[in-house]
Student: 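Structure provided below as structure tokens; questions to follow.
The chains referred to below are lettered A, B, ... by the order of the sequence lines, with proteins before strands, and numbering in each begins at 1.
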Amino acid sequence: GAVVSQHPSWVICKSGTSVKIECRSLDFQATTMFWYRQFPKQSLMLMATSNEGSKATYEQGVEKDKFLINHASLTLSTLTVTSAHPEDSSFYICSARRQGAGQPQHFGDGTRLSIL
Amino acid sequence: GESVGLHLPTLSVQEGDNSIINCAYSNSASDYFIWYKQESGKGPQFIIDIRSNMDKRQGQRVTVLLNKTVKHLSLQIAATQPGDSAVYFCALKRRPMDTGRRALTFGSGTRLQVQP
């Protein structure tokens, strides 16, 4: 089955640090990847949609300069949280989808980000 | 605006009983619905999906029912097991012709607790 891998699974860093999270589709080519954020006991909220080779589309209220997304290949998308602050602490989850109508989204296991 | 909500935030059942998790949605343009299971510290795991041209779909121990008239979706789990304990999310997608997002919109989640 389709596998999506996120790295790291858990990161703790100081306020002001920039953190990069990787999302890889291990056994398929993902033309579209999505980044979600999930706060404790809440649902997944879409942050941005990333298409390979083009700029990401950000949801309303998500700062594109704060959350930099790069989708340079069909198997890798990265999310960089720049100058992270404690309020950015959250569970970040990516999903990936093959090209074509009706293709399902496959989710990674998330990255727990804690900013001190 | 669009919203997806759940009737019960927590559902506690006895092992072996059947579980029913409900979801209400507001956007009649939705044409694809999915149920996900999320265990603690992990990403969502696909359970079952259904398209708007269907009313019912069955999988292994799970059944999804869709009532488009009242915009209601349910997930039935037969013979619930302790391993079914998790948070369950319904998610929906708009028709591709919609100029809005093609990503999934998630409901707020229901925690299923299975008592041994």
Student: Counting only heavy atoms not in B:Lys68, do more than 12 sit closer than 6.0 Å to its NZ atom?
Tutor: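 Yes, NZ of B:Lys68 has more than 12 neighbouring heavy atoms, counting only those of other groups under 6.0 Å.
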
Student: Could you see if A:Ile21 belongs to whatever hydrophobic cluster contains A:Val4? Use Ile, Leu, Val, Met, Phe, Trp, Tyr and a side-chain cutoff under 4.5 Å.
Tutor: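 They do not share one cluster, since no chain of ILVMFWY contacts under 4.5 Å joins A:Ile21 to A:Val4.
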
Student: Checking heavy atoms, do the side chain of A:Gln38, its backbone, both or neither come under 4.5 Å from chain B?
Tutor: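 Just the side chain, heavy atoms under 4.5 Å.
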
Student: Is A:Leu44 in contact with chain B via its backbone, its side chain, both, or neither, using a 4.5 Å heavy-atom distance?
Tutor: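 For A:Leu44, backbone and side chain are both near chain B.
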
Student: For A:Asp109 and B:Gly43, indicate whether the former's side chain and the latter's backbone hold a donor-acceptor pair under 3.5 Å.
Tutor: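 Side chain of A:Asp109 to backbone of B:Gly43: a pair is present.
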
Student: Under 4.5 Å heavy-atom distance to chain A, tell me which part of B:Glu39 shows up: side chain, backbone, both or neither.
Tutor: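 No part of B:Glu39 comes within 4.5 Å of chain A.
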
Student: Can you find a heavy atom in the side chain of A:Ile93 that is under 4.5 Å from one in the side chain of B:Gln38?
Tutor: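 Sidechains of B:Gln38 and A:Ile93: in contact.
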
Student: Return yes when atom NZ of A:Lys64 has more than 12 non-hydrogen atoms of other residues, nucleotides or ligands closer than 6.0 Å, and no otherwise.
Tutor: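 It does not: A:Lys64 NZ has 12 such atoms or fewer within range.
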
Student: Quick check on the hydrophobic clustering: are B:Phe46 and A:Phe107 connected, directly or via other members, by side-chain heavy-atom contacts under 4.5 Å?
Tutor: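 Both belong to a single hydrophobic cluster.
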
Student: Once rounded to the nearest 0.5 Å, what's the spacing between atom CD of B:Gln45 and atom NE2 of A:His106?
Tutor: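 So the CD of B:Gln45 and the NE2 of A:His106 are separated by 12.5 Å.
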
Student: For B:Gln60, does the CD atom sit with more than 12 other heavy atoms under 6.0 Å from it, leaving out its own atoms?
Tutor: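 No, because the 6.0 Å sphere around CD of B:Gln60 holds 12 heavy atoms or fewer from other groups.
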
Student: Can you tell me how far apart CZ (A:Arg97) and CG (B:Leu104) are? Round to the nearest 0.5 Å.
Tutor: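 Rounded to the nearest 0.5 Å, the CZ-CG separation comes to 8.0 Å.
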
Student: Side-chain heavy atoms nearer than 4.5 Å, only ILVMFWY residues, links allowed to pass through others: does that put B:Trp35 and B:Ile50 together?
Tutor: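 Yes, one cluster joins them.
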
Student: List the steps and the verdict of ring pair (Phe, Tyr, Trp, His ring centres under 6.0 Å) for A:Phe34 and B:Phe106.
Tutor: CA-CA 13 Å; A:Phe34 304 91; B:Phe106 281 80; over 10 Å; no

Student: Would a distance-only check, ignoring hydrogens and angles, find a side-chain to backbone donor-acceptor pair under 3.5 Å from A:Ser43 to B:Gly109?
Tutor: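 Judged by distance alone, no pair lies under 3.5 Å.
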
Student: May I ask whether A:Ile69 and A:Leu74 are part of the same hydrophobic cluster, defined by side-chain heavy atoms of I, L, V, M, F, W, Y residues being less than 4.5 angstrom apart, directly or through others?
Tutor: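 Hydrophobic grouping puts A:Ile69 apart from A:Leu74.
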
Student: For the ring pair B:Tyr36 and A:Tyr36, is the centre-to-centre distance below 6.0 Å?
Tutor: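 No, too far apart.
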
